[in-house]
Peer 1: 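One structure coming up, written as structure tokens, with questions to follow.
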Amino acid sequence: MAESEDIAIDDLSTEYAKGDVRNMVRKLSENNWEIPIGHIPNMRVPGRLFVSENLLDGIEPGTIDQIANVATLPGIQKYSMAMPDAHLGYGFAIGGVAAFDMEEGIISPGGVGFDINCGVRLIRTKLQKEEVIPNIKTLTDELFKNIPAGVGSKSRFRASDKELDCAFLEGAKWAVEAGYGVEADTEYCEANGYMEGADPSHVSTKARNRGKPQLGTLGSGNHFLEVQYVDKIYDQEMASTFGLEEGQVTVMIHCGSRGAGHQICTDYLKELSKAVKDHKIEIPDKQLACAPAQSREAQNYFKAMLCAANYAWANRQMITHWTRESFENVFGRDAEDLGMNLLYDVAHNVAKLEEHTVDGKKKEVYVHRKGATRAFPPGHPEVPAVYRDVGQPVLIPGSMGTPSFILCGSKEAMDISFGSACHGAGRVMSRAQAKKEFRGQNVKDNLEAQGITIRAAHPSVIAEEAPGVYKSSSEVVNVVHELGIARKVARVLPLGVTKG
DNA sequence: ATGTTC
């Protein structure tokens with residue numbers, strides 16, 4: 001019983017009215033608000049909320065409290081941040097970014113979230129939308145058939161213990177070596193598709209057993225696979241560097257580490273809620289369970305988290321392979337001929353040790369991004385060579401039936417937000433509320449009337465993920481563009497979507 | 001997000 005209480009997200013907003021948010025923040029400049037030290041006791045740094053005037057009114061007061069709560073944690077650098085798609089999460093707000101000193105700071109599972117290394121990848125094609133539209137129903141059916149989706153869905157691939165370990169240790173690199181992709185794929189993944197330091201001995205049997213049958217599945221909720229086309233280019237030169245042009249068909253894959261990541265998060269929340277007491281860290285909310293960055297407990301979590309992160313990259317890689325096969329089956333040409341190469345794969349739920357400049361000095365910090373996308377600038381060594389002059393591709397998925405965006409990272413992101421930008425649209429109502437307001441069949445009919453084909457494992461997911469339950473992705477993206485932490489390159493619109 | 005309140 002105590003466990004389920006721990007995992008429930010407290011509704012911190014009940015004691016406030018929505019309009020109270022205006023009294024909690026101080027405008028520093030356009031799209032940039034401060035939550036001053038003193039909002040709650042023991043804040044070590046101020047909070048920062050990157051949001052427009054209009055989006056501010058949709059932010060729950062509890063989200064502001066969560067940003068302030070994170071600002072009390074040991075070793076936090078500069079300020080506790082949240083992106084324009086911020087909303088209530090477990091402990092840390094979703095949309096939150098926080099960097100901690102690698103010696104004096106902490107590591108917290110709540111700063112990463114349950115879906116460890118949830119992320120987005122985008123595959124280019126040489127196809128034009130006119131070639132795909134007549135086949136979109138067949139293609140969407142084929143994708144739905146080949147890529148398992150839905151809660152508890154099982155993969156076509158039955159991972160052995162050894163193969164699971166390989167996925168934990170080497171992520172997308174292992175998947176490519178196992179025949180699920182081409183060598184160039186890993187070059188276009190954040191961290192080349194796997195992070196060093198993962199240690200499966202810190203992953204529970206329960207997490208392994210959940211992960212084994214799910215390697216190569218899409219999952220549920222806001223996860224999706226979408227056939228899209230480029231409908232707008234904001235910057236011709238950057239788009240051309242990313243290999244994008246108007247009318248071109250792309251495929252976006254949005255998913256994470258499934259039950260494995262979820263179980264690893266659950267396991268270590270329990271571990272670290274003990275550790276936080278043992279190390280006498282005072283936290284304003286028990287959901288902020290954490291441990292000193294170099295402690296055994298924090299490092300064990302980190303090694304297990306890396307396993308889940310690598311699993312997620314392997315997962316997206318296997319899905320990529322079956323996406324290529326699906327296109328080959330429908331168009332009768334091989335994937336290479338169809339130009340189906342990877343534009344990029346970027347994480348938006350992960351903690352990483354990165355070098356950043358703080359107070360004019362370079363230092364290593366544990367950056368926690370929870371619903372925030374890495375957005376590294378031009379010239380950064382971790383940006384693939386062909387994009388080096390432009391910056392890292394930042395992939396922002398829309399909600400079902402709405403536009404997605406391709407942006408690029410910037411120097412401003414390094415200066416302002418530890419190299420981070422937003423991650424998506426952000427919910428405006430709960431799943432339960434969504435099911436009251438929308439009917440799956442109506443939502444589907446509306447989307448199909450706009451020429452968007454939907455295939456979902458269960459009709460309720462269509463209601464839960466209806467376009468109306470999300471903030472406008474355009475509005476969110478405009479904030480990061482105006483702040484300069486990521487720049488708009490292109491917009492893509494959906495043609496066919498598969499969902500859990 | 002999630003074997004959707006082990």
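Side chains included, hydrogens not; waters and symmetry mates left out as well; all remaining heavy atoms used. Residue numbering restarts at 1 for every chain, and letters A, B, ... go by the order of the sequence lines.
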Peer 1: In whole Å, what is the span from the CZ atom of R431(A) to the P atom of dT2(B)?
Peer 2: 9 Å
Peer 1: How many whole angstroms separate atom NE2 of H458(A) from atom P of dT4(B)?
Peer 2: 13 Å
Peer 1: To the nearest Å, how far apart are R427(A) CZ and dT2(B) P?
Peer 2: 13 Å
Peer 1: Take atom CD1 of I264(A) and atom C1' of dT2(B), then tell me their distance rounded to the nearest Å.
Peer 2: 13 Å
Peer 1: Measure from CG on L269(A) to P on dC6(B) and round the result to the nearest Å.
Peer 2: 16 Å
Peer 1: Specify whether W174(A) and F157(A) have parallel, tilted or perpendicular ring planes, treating 30° as the upper limit for parallel and 60° as the lower limit for perpendicular.
Peer 2: tilted
Peer 1: Given atom CD of Q263(A) and atom P of dT4(B), what is their separation to the nearest angstrom?
Peer 2: 12 Å
Peer 1: Given T266(A) and F114(A), is the side chain to side chain contact (heavy atoms under 4.5 Å, CB included) satisfied, shown in steps?
Peer 2: CA-CA 7 Å; T266(A) 304; F114(A) 282 89; 3.6 Å; yes
Peer 1: G256(A) near the nucleic acid: base, sugar-phosphate alone, or nothing, with a heavy-atom cut-off under 4.0 Å?
Peer 2: nothing
Peer 1: Starting at CD1 of I462(A) and ending at C1' of dT4(B), how long is that distance when rounded to a whole Å?
Peer 2: 17 Å
Peer 1: Whether R258(A) contacts dT2(B) is assessed here as follows: a side-chain N or O lying under 4.0 Å from the phosphate OP1 or OP2. Is that the case?
Peer 2: yes
Peer 1: Look at all strands and tell whether S220(A) reaches a base, only sugar-phosphate, or nothing, counting heavy atoms closer than 4.0 Å.
Peer 2: sugar-phosphate
Peer 1: Base, sugar-phosphate, or nothing: which does K435(A) touch, judged by heavy atoms less than 4.0 Å apart?
Peer 2: nothing
Peer 1: So what does E464(A) hit on the nucleic acid, given a heavy-atom distance under 4.0 Å: a base, only sugar-phosphate, or nothing?
Peer 2: nothing
Peer 1: Name all residues meeting the side chain to side chain contact (heavy atoms under 4.5 Å, CB included) criterion together with E282(A); count only those two or more places apart in sequence or in a different chain, and write none if there are none.
Peer 2: none
Peer 1: Return the 5'-most residue of the pair V151(A), G221(A) with respect to DNA chain B, ranking by each residue's nearest nucleotide.
Peer 2: G221(A)
Peer 1: Verify whether one side chain among H39(A) and D65(A) offers a donor that lies under 3.5 Å from an acceptor in the other.
Peer 2: yes
Peer 1: How close or far is atom C1' of dT2(B) from atom NZ of K270(A), stated in whole angstroms?
Peer 2: 17 Å
Peer 1: For K352(A), give me all partners under salt bridge (charged side-chain N to carboxylate O under 4.0 Å, His left out), at least two apart in sequence or on another chain.
Peer 2: E190(A)
